[in-house]
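What follows is a single structure, written as structure tokens, with notes after it.
Read the numbers this way: they start at 1 and go in the same order the structure lists the ligands and their atoms. Quantities reported herein were computed from a predicted structural model and do not represent experimental measurements.
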Amino acid sequence: MMTKLIAPSILAADFANLQRDIEMVNQSEADWFHIDIMDGVFVPNISFGMPVLQAINKHAGKVIDVHLMIVDPDRYITTFADLGADILTVHYEACTHLHRTLQAIKAAGMRAGVAVNPHTNISLLEDVINDIDLVCIMSVNPGFGGQSFIPNTYKKIKQLKELILDNNADTQIEIDGGVNSDNAKKLIDAGADVLVAGSFVFKSSNPTDTIKNLKEIANS
Ligand code: DX5
Ligand code: ZN
């Protein structure tokens, strides 16, 4: 069985001590850096943009997983490649020509991800599943950290896992929003490969131990 991965979401880090928090992730058992880019249009919040990602990339020693919560993501694909993104995830709901967008992400040298909002049915991915390296199932409505996990996510993971197997696709399943040590195991058992965790990691008294603990639970 493939190792299950933990991706701390930098949105919950202390931006006044960003280098310290990045180093913590570097030294921890985390696998990826999850980077949330919000434009205030696709989601009702603005997080941070290119200069901050550039600064993160200077210190981050692990895979950089960029989650774009922006309209018209095609405009910025090469920019994010230049900024060091290894995985670029766009929202299903923000792409009119998703198939083309996925090809453009790959042509720019990155792995291509698609995020789906809680209301978006997994079956809508059927015709592009073989073009997707990673599906990010949103387990909260995107826009903010620290929200409560939506239980319908378990059903969506199972549907997606079935779709992947039926199509012999090589697609990872990532879960984003409200992940903690109480739901981690159940998410993995449903079929998840990557768990994103923001508040649960960074608001804990010992983020390094929290990451270690999540990683253990995910691989138990
Ligand atoms: C929400 C973001 C998430 C967020 C997760 O829109 O996509 O990545 O940072 O944060 P928690 O783990 O606090 O729900
Ligand atoms: Zn995210």
Using heavy atoms and a 4.0 Å limit, tell me yes or no: is M69 in contact with ligand 1? yes
Can you classify the ring geometry of F48 versus F15 as parallel (below 30°), tilted (30 to 60°) or perpendicular (above 60°)? perpendicular
Give the atom numbers and elements of ligand 1 that come within less than 4.0 Å of a heavy atom of G146. 11 (P), 13 (O), 14 (O)
Can you confirm, on distance only, whether ligand 1 has an N/O atom lying under 3.5 Å from any N/O atom belonging to G143? yes
H34 heavy atoms, cut-off 4.0 Å: which ligand 1 atoms fall inside? 8 (O)
Give me the nearest non-hydrogen protein atom to atom 3 (C) of ligand 1 as residue plus atom name, then the distance to 0.1 Å. D176 OD1, 2.9 Å
Looking at M38, which atoms of ligand 1 are within less than 4.0 Å of one of its heavy atoms? 6 (O)
Out of the candidates V135, I164, L134, only one should pair with I173 under the side-chain contact (heavy atoms from CB on, under 4.5 Å) rule; please name it. I164
CG-OG distance between N141 and S148, expressed to the nearest 0.5 angstrom: 11.0 Å
Near M138 (heavy-atom distance under 4.0 Å), the atoms of ligand 1 are 7 (O)
Atom 4 (C) of ligand 1 has as its nearest protein heavy atom D36 OD2, 3.7 Å
With no hydrogens and no angle check, is any side-chain donor or acceptor of D65 less than 3.5 Å from a backbone partner on I87? no
Going by the atom numbers of ligand 1, which of them fall below 4.0 Å from some non-hydrogen atom of F144? 1 (C), 6 (O)
Any idea which protein heavy atom is nearest atom 10 (O) of ligand 1, and the distance to it? G145 CA, 3.7 Å
Ligand-side contact atoms (ligand 1) for residue partner A197, heavy atom cut-off under 4.0 Å: 12 (O)
Would you sort out whether K215 and E29 count as a salt bridge (Lys or Arg N to Asp or Glu O under 4.0 Å), showing the intermediate values? CA-CA 7 Å; K215 180 102 180 184; E29 289 186 30; 6.0 Å; no
Any F200 heavy atom less than 4.0 Å to ligand 1: no
Are there any protein N/O/S atoms under 2.8 Å from the Zn ion (ligand 2), and if so, which? H34 NE2, D36 OD1, H67 ND1, D176 OD2
May I ask you to identify, for P142, whether its side chain, its backbone, both or neither come under 4.0 Å of ligand 1 on a heavy-atom basis? both
Verify the distance criterion only: is there a donor paired with an acceptor across the side chains of S9 and D36 at less than 3.5 Å? yes
Is the distance from the ring center of Y154 to that of F149 below 6.0 Å? yes
Considering only heavy atoms of S199, which atoms of ligand 1 have at least one such atom less than 4.0 Å away? 11 (P), 12 (O), 13 (O)
When you measure from atom 12 (O) of ligand 1 to every protein heavy atom, which one gives the shortest distance, and what is it? G198 N, 2.8 Å
Quick one: does G177 get a heavy atom under 4.0 Å from ligand 1? yes
For atom 14 (O) of ligand 1, grab the closest protein heavy atom and report residue, atom and distance to one decimal in Å. G178 N, 2.8 Å
With only distance considered, is Q147 within less than 3.5 Å of ligand 1 through an N or O on each side? no
Kindly say whether K161 contributes a backbone atom to a donor-acceptor pair with the side chain of D166 at under 3.5 angstrom? no
Please report whether ligand 1 has a polar contact with L11, defined as an N or O pair separated by less than 3.5 Å (distance criterion only). no
Which of the ligand 1 atoms, numbered from 1, are nearer than 4.0 Å to a heavy atom of H67: 7 (O)
Are any of the side-chain nitrogens in D14 or R20 under 4.0 Å away from the carboxylate oxygens of its partner? yes
